[in-house]
Amino acid sequence: MKIEGQYDAKKIEDKIYKLWEDSGFFNPDNLPPASAKARARRRKPFTIIMPPTNANGNLHAGHALVMTIEDIMIRYKRMRGFKALWLPGLDHAGFETQVVYEKKLEKEGRSRFKMAPEELYKEILQFTLENKKNIESQIKSLGASCDWSREKFTLDAEIIKIVYETFEKLYNDGLVYRGKKIINWCAKHQTSLSDLETENTEKIDKLYYLKYGPFTIATARPETKFGDKYVVVHPKDSRYKAYAQGQKIALEWINGPVEATVIKDESIDMDFGTGTMTITPWHDAIDFGIAERHGLDKQPIIDFQGKLLPIAGEFVGMKIDEARPKIIEKLQSKGLVEKIEENYKHVVKTCYKCNTLIEPQVKEQWFLKMKPLAAPAIRAIQKNQVIFIPNHYKKIILHWLESILDWPLSRQVVWGIKIPAWHHEPICIPKKGHEKNIVHCKQIIISPIKPKCEFCDAKFVQDPDVFDTWFSSGQWPFAALAANHNAKDFKTFYPTDVMETAGEIIFFWVARMIMLGLYATKKIPFKYVYLHGLVLDAKGQKMSKSKGNVINPLEITEKYGTDALRIGLIMGNTPGQSLALDENKIKGYRNFSNKIWNASRFVLINLQDYNPTKKASLNALQKKHIKELKKLAKETTILMDDFKFYIAGEKIYHYFWHTFCDKIIEESKSALAKKGKEKQAAQYILLQILSDCLKMLHPFMPFITEEIYQQLSRLPSNRGSSTKSGPIKDKKQLLMISEWPK
RNA sequence: GGGCGGUUAGCUCAAUUGGUAGAGCGCGAAAUUGACGUUUUCGAGGCAAUAGGUUCGAAUCCUAUACCGCCCACCA
């Protein structure tokens with residue numbers, strides 16, 4: 001007997017993965033009918049599109065959870081006889097990757113602002129492609145049974161093509177528009193960000209009460225006040241009823257006399273400060289709103305580097321932090337500071353990547369109108385056409401969709417999919433011989449390739465921006481299936497069955513996939529959304545490099561085996577709930593692996609002379625065991641269908657260890673020592689129960705179970721035998737495609 | 001300001017949906033060259049955050065309260 005007393009995961013994992021890969025069964029087109037009865041069922045597809053993994057580093061614990069949950073689902077369904085497709089993908093991850101790469105550049109003493117965009121793009125591409133290979137092999141090492149022949153990358157030409165088609169359609173439908181609106185600007189990364197990409201941070205500042213003619217205004221940002229020429233009060237505020245809308249007032253301000261105009265607007269909070277404020281529409285979202293409503297002028301005060309513009313007079317070129325105290329000093333010397341409130345607590349927006357204070361700016365950008373896209377999504381969710389697991393996410397997503405704002409799509413980074421928009425001069429430059437025909441043609445053309453003006457020689461210049469990476473990710477389920485003109489795949493596998501991803505990105509991604517999927521394909525891209533929680537460290541703390549508590553899943557698998565990590569991530573992990581990953585827990589499941597190994601070893605040793613052709617006559621107790629096994633299979637099946645892997649896993653675990661090992665194996669020992677019928681029956685029972693357990697454990701612990709199953713198939717009784725009793729038929733039969741116990 | 005969760009054994013979490021609370025880890029005691037010491041057996045440990053209510057029956061449903069966490073939000 002080659003099989004040894006201690007299970008050594010390292011010895012078998014690569015070998016087993018290769019066995020699966022070579023079998024071709026990751027590709028649903030190659031799957032044989034699981035059994036005669038299941039022949040019809042195999043035609044039924046079951047599809048999961050893997051959330052494209054960021055190709056900019058290593059897999060972390062969260063990825064390990066994704067791979068495990070999804071692999072469990074897909075292996076289970078494959079064994080149930082479905083045409084199971086798990087389509088893997090990798091993500092160029094736009095801004096995220098650029099940020100990672102910029103950090104690398106910084107370490108090398110370089111800067112992206114000193115590089116030509118094409119050069120930077122090339123370097124990041126190189127970096128991403130290297131990481132892509134790395135990530136792929138890491139995904140494999142976790143046992144993911146995904147169809148690599150259908151793998152997609154978010155920068156594949158075919159994917160980009162689909163993204164462009166959607167963009168053009170949205171544009172033609174009037175849902176995409178170019179607008180000069182206020183956006184979130186990160187001065188460090190030199191790009192605009194969506195609201196989701198900013199964080200609200202509590203900050204303690206000073207609140208300055210400044211004399212503005214007859215008014216007193218309260219502000220935390222005196223440096224934006226240079227151009228303020230509108231003073232706003234609430235129309236119902238009796239304190240200011242002497243002032244009329246539009247009334248002009250001459251007053252002395254920071255850099256000399258200005259003429260202010262009184263504006264009355266309902267958005268003013270009468271209880272805040274003095275109930276009066278001046279507005280800076282260029283650098284504040286509320287102020288921008290007021291200016292839009294009243295048709296007021298807007299002008300920039302701060303540039304995109306975060307420095308004051310010439311309007312600031314003597315303060316020009318200064319950074320905000322530097323300028324603020326100096327401005328206050330000057331205001332004080334002019335007697336314009338009434339008081340300063342210390343410890344003013346307020347919430348500011350910061351960049352989610354670098355915590356830099358967001359400077360709102362007005363910028364021309366591409367926007368997507370969200371209300372018309374959200375409406376059908378809301379209806380579909382309310383009608384439960386897509387089911388959320390856990391259920392409370394339904395409320396969360398509806399709440400977000402109901403108050404959705406337009407989505408700024410452009411990003412000023414190089415790493416991403418270029419926006420297929422081309423800008424043209426306002427007036428055509430006439431071609432030779434057509435000088436008399438002055439034509440005003442389209443200033444913007446949406447086209448994947450460089451367009452030509454039919455009237456003139458003016459050149460079209462491509463929009464320099466790229467898409468928010470979530471705009472393309474939002475189309476992933478249908479794009480990944482329909483790419484390469486694969487109408488057949490699209491027809492067979494779309495809409496998909498389950499989208500499994502982190503609860504964290506429900507707005508970023510899930511909501512947008514539903515909206516864009518509905519828009520582009522008229523169908524919700526998936527039937528179920530399964531959301532998992534965060535993977536935390538053993539103490540329940542969020543993992544972070546700075547805290548030094550990051551658990552590398554690959555180190556864990558190295559130590560305890562992939563199967564131990566997998567089942568350790570599943571047990572006790574309910575959907576949506578965050579999970580504390582304790583190494584001791586994984587160690588416990590390593591012990592379980594070993595238990596499986598040794599129980600199997602016992603069976604193998606005692607079945608060398610087993611003859612499966614003889615009918616086993618079972619005693620009452622043994623019949624009870626079989627009954628109990630069937631009951632377990634039935635219950636487990638229900639739980640698996642219900643996405644309750646944590647309970648299913650625990651049930652099988654418990655049965656295997658405390659019923660099969662502790663009771664049934666122990667009971668069998670005396671019978672095995674005998675000869676004839678009694679021994680035969682004991683052997684039959686052991687084999688039957690072990691192989692069914694291996695099947696039920698397989699989705700959770702694929703490597704060890706497959707290895708043992710292969711060993712069982714090499715029992716003398718099975719070599720070349722065509723018996724129908726027991727699961728072992730042919731050497732080529734893999735546990736991976738065996739039929740789930742009934 | 002609005003929304004969503006959570007509070008169950010020392011720790012981390014369950015309970016197939018209303019039927020006298022269970023796992024893993026940890027802890028205590030014992031066994032032993034047995035498939036497995038990464039083992040086996042036995043054991044201790046819970047007025048379910050609090051206060052009410054509905055019910056024959058509540059960890060589970062309802063109403064408050066208190067903590068903890070998360071998300072959304074244009075009080076300058």
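Below, chains carry the letters A, B, ... as their sequence lines are ordered, and counting in each starts from 1. The shown structure was predicted, so the numbers you read here are calculated from the model rather than taken from an experiment.
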Can you tell me how far [atom1] in [N] sits from the matching atom in [M], rounded to whole Å?
{"N": "B:U17", "M": "B:U60", "atom1": "C1'", "result": "8 Å"}
{"N": "B:G52", "M": "B:A58", "atom1": "C1'", "result": "14 Å"}
{"N": "B:A59", "M": "B:A51", "atom1": "P", "result": "14 Å"}
{"N": "B:C70", "M": "B:A30", "atom1": "C1'", "result": "47 Å"}
{"N": "B:A23", "M": "B:G46", "atom1": "P", "result": "16 Å"}
{"N": "B:G5", "M": "B:G10", "atom1": "P", "result": "28 Å"}
{"N": "B:U38", "M": "B:C25", "atom1": "P", "result": "14 Å"}
{"N": "B:G22", "M": "B:U54", "atom1": "C1'", "result": "27 Å"}

- Message: Does A:Y344 form a ring pair (Phe, Tyr, Trp, His ring centres under 6.0 Å) with A:H346? I'd like the steps, not just the answer.
- Response: CA-CA 6 Å; A:Y344 168 60; A:H346 63 150; 4.9 Å; yes

- Task: State whether A:F656 and A:K595 meet the cation-pi test: NZ (Lys) or CZ (Arg) under 6.0 Å from the six-membered ring centroid, and within 45° of the perpendicular axis.
- Result: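 That pair does not qualify as a cation-pi contact.
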
- NZ or CZ of A:K298 within 45° of A:F288 ring axis and under 6.0 Å: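 So A:K298 does make the cation-pi contact.
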
Provide, to the nearest angstrom, the distance between the [atom1] atom belonging to [X] and the [atom2] atom belonging to [N].
{"X": "A:I397", "N": "B:G5", "atom1": "CD1", "atom2": "P", "value": "15 Å"}
{"X": "A:L536", "N": "B:G69", "atom1": "CG", "atom2": "C1'", "value": "11 Å"}
{"X": "A:L604", "N": "B:C36", "atom1": "CG", "atom2": "P", "value": "14 Å"}
{"X": "A:K595", "N": "B:U38", "atom1": "NZ", "atom2": "P", "value": "12 Å"}
{"X": "A:R601", "N": "B:A35", "atom1": "CZ", "atom2": "P", "value": "8 Å"}
{"X": "A:L579", "N": "B:A14", "atom1": "CG", "atom2": "C1'", "value": "13 Å"}
{"X": "A:I567", "N": "B:A14", "atom1": "CD1", "atom2": "C1'", "value": "15 Å"}
{"X": "A:L672", "N": "B:G34", "atom1": "CG", "atom2": "C1'", "value": "14 Å"}

- Item | Residues forming a side-chain contact (heavy atoms from CB on, under 4.5 Å) with A:K339, sequence neighbours excluded |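 If we apply the side-chain contact (heavy atoms from CB on, under 4.5 Å) test to A:K339, skipping adjacent residues, the hits are A:Y209.
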
- Query: Looking at residues at least two apart in the chain, or sitting in another chain, which of them share a side-chain contact (heavy atoms from CB on, under 4.5 Å) with A:E266?
  - Reply: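 Only A:H234, A:P235 meet the side-chain contact (heavy atoms from CB on, under 4.5 Å) criterion with A:E266.
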
- Query: Strictly under 6.0 Å, is that where the ring centroids of A:Y655 and A:F660 end up?
  - Reply: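 Not close enough - the centres of the two rings lie 6.0 Å or further apart.
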
- Taking the six-membered ring for Trp and the single ring otherwise, decide whether the centroids of A:F215 and A:Y243 are under 6.0 Å apart.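 Here the rings of A:Y243 and A:F215 have centres that are less than 6.0 Å from each other.
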
- Task: Show the numbers, then the answer: is there a side-chain contact (heavy atoms from CB on, under 4.5 Å) between A:C351 and A:E197?
- Result: CA-CA 7 Å; A:C351 171; A:E197 289 160 320; over 6 Å; no

- Stem list, RNA chain B (Watson-Crick or G-U pairing under 3.5 Å, at least 3 consecutive pairs):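 Runs of three or more consecutive pairs: B:1-7 with B:66-72, B:10-13 with B:22-25, B:27-31 with B:39-43, B:49-53 with B:61-65.
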
Looking at every strand, decide which applies to [X] at a 4.0 Å heavy-atom threshold: base, sugar-phosphate, or nothing.
{"X": "A:K587", "result": "nothing"}
{"X": "A:I638", "result": "nothing"}
{"X": "A:E666", "result": "base"}
{"X": "A:D642", "result": "nothing"}
{"X": "A:F288", "result": "nothing"}

- Message: From the set B:G34, B:U40, B:U17, return the single nucleotide nearest to any side-chain atom of A:K644.
- Response: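 The answer is B:U17, which lies nearest to the side chain.
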
- With a 3.5 Å cut-off and no angle check, do the side chains of A:D609 and A:Q683 form a donor-acceptor pair?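 Side-chain D/A pair, A:D609 to A:Q683: present.
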
- Item | A:W253 and A:Y212 aromatic ring geometry - parallel, tilted or perpendicular at 30°/60° bounds |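 Taking A:W253 first and then A:Y212, their aromatic rings stand perpendicular (interplane angle over 60°).
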
- Query: Heavy atoms, side chains only, cut-off 4.5 Å: are A:M571 and A:Y589 in contact?
  - Reply: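 Result yes, sub-4.5 Å side-chain heavy-atom pair found.
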
- Query: On a plain distance test, is the side chain of A:Q577 in donor-acceptor contact with the base of B:A14 below 3.5 Å?
  - Reply: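 Side chain to base: no pair below 3.5 Å.
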
- Task: Kindly write out the residues that satisfy ring-ring contact (aromatic ring centres under 6.0 Å, His included) with A:W407, not counting sequence neighbours, or none if the list is empty.
- Result: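 Checked A:W407 against ring-ring contact (aromatic ring centres under 6.0 Å, His included); zero matches.
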
Give each protein N/O atom lying under 3.5 Å from an N/O atom of nucleotides 22-26 of chain B, with the pair distance.
none

- Encode nucleotides 70-76 of chain B as B, S and - characters from 5' to 3', where the letter depends on protein heavy atoms closer than 4.0 Å: B to the base, S only to sugar-phosphate, - to neither. -S-BBBB

- Query: Is there a side-chain polar atom (N or O) of A:K651 under 4.0 Å from OP1 or OP2 of B:A14?
  - Reply: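 No, A:K651 has no side-chain N/O under 4.0 Å of OP1/OP2 on B:A14.
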
- Could you go step by step and tell me if A:N606 and A:K669 meet the side-chain contact (heavy atoms from CB on, under 4.5 Å) rule? CA-CA 9 Å; A:N606 287 289; A:K669 283 177 181 172; over 6 Å; no

- Anti or syn - B:U17, cut at 90° from 0: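 Here the answer is syn: the torsion falls within 90° of 0.
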
